[in-house]
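Some notes on the structure that comes next.
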Amino acid sequence: MRTLLSPGDHVVIPNDAYGGTFRLFAKVVARWGVEWSVADTSDPAAVRAAITPKTKAVWVETPSNPLLGITDIAAVAQIARDAGARLVVDNTFATPYLQQPLRSAPTSSCTP
């Protein structure tokens with residue numbers, strides 16, 4: 001993650017993210033000088049509203065843990081792309097067998 005983010009960058013994370021994700025941002029990433037905020041990632045408008053000019057990544061967990069919230073990957077990918085940010089998809093519950101985020105995202109936003 002350190003190669004993706006620099007001090008002063010911003011990340012949007014889900015408001016119902018896994019506790020380990022919150023701790024990662026609150027205890028580790030924040031020490032790097034990276035800012036973060038939460039948004040209801042099941043609502044594309046809320047994600048769009050949470051993005052700032054400093055946003056470099058939008059992190060989604062779908063289904064989320066523990067509430068099993070669902071994010072429209074294609075819609076949020078487009079929002080991230082429009083903002084010049086990367087989309088990070090944690091799909092631990094679905095596994096890559098059941099959910100393939102790169103297939104869900106618009107082709108133009110898929111970068112290795």
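This structure is a prediction, so every number in the text was calculated from the model and none was measured.
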Please determine whether residues V28 and Y18 belong to a single hydrophobic cluster, defined as Ile, Leu, Val, Met, Phe, Trp and Tyr linked transitively by side-chain heavy-atom distances below 4.5 Å.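 No; Y18 is not reachable from V28 via cluster members.
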
Could you state whether L67 and V38 fall into the same hydrophobic cluster, counting links through intermediate Ile, Leu, Val, Met, Phe, Trp or Tyr residues with side-chain heavy atoms under 4.5 angstrom apart?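 In one cluster with L67: V38, no.
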
Do [X] and [Y] come within less than 4.5 Å of each other through their side chains, counting heavy atoms only?
{"X": "R86", "Y": "K56", "value": "no"}
{"X": "V11", "Y": "V34", "value": "yes"}
{"X": "L87", "Y": "V60", "value": "yes"}
{"X": "P7", "Y": "W32", "value": "no"}

What's the shortest heavy-atom distance between [X] and [Y], and which atoms?
{"X": "P14", "Y": "W59", "answer": "CD-O, 3.0 Å"}
{"X": "A50", "Y": "S37", "answer": "O-OG, 4.0 Å"}
{"X": "T71", "Y": "T62", "answer": "N-OG1, 2.9 Å"}
{"X": "G69", "Y": "S64", "answer": "N-OG, 2.7 Å"}
{"X": "T41", "Y": "V76", "answer": "O-CG2, 4.0 Å"}

Tell me every residue that passes side-chain contact (heavy atoms from CB on, under 4.5 Å) with P63, counting only those two or more places apart in sequence or in another chain.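 Once residues adjacent in sequence are excluded, the partners of P63 under the side-chain contact (heavy atoms from CB on, under 4.5 Å) criterion are L68, I70, F93, A94, Q99.
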
Any residue meeting side-chain contact (heavy atoms from CB on, under 4.5 Å) with A83, in chain and number order, not counting sequence neighbours: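 Partners of A83 by the side-chain contact (heavy atoms from CB on, under 4.5 Å) criterion, ordered by chain and then number, come out as I51.
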
How are the rings of W36 and F25 set relative to one another: parallel (under 30°), tilted (30 to 60°) or perpendicular (over 60°)?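 Tilted.
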
Among residues at least two apart in sequence or on other chains, which ones pass side chain to side chain donor-acceptor pair (under 3.5 Å) with [X]?
{"X": "D90", "result": "T92"}
{"X": "N15", "result": "none"}
{"X": "D43", "result": "none"}
{"X": "T55", "result": "H10, T52"}

When rounded to the nearest 0.5 angstrom, what distance separates CG in L24 from CD1 in I13?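 Answer rounded to 0.5 Å: 8.5 Å.
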
Under 3.5 Å, is there a donor on one side chain and an acceptor on the other for D82 and Q78?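 The criterion, which ignores hydrogens and geometry beyond distance, is satisfied for Q78 and D82.
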
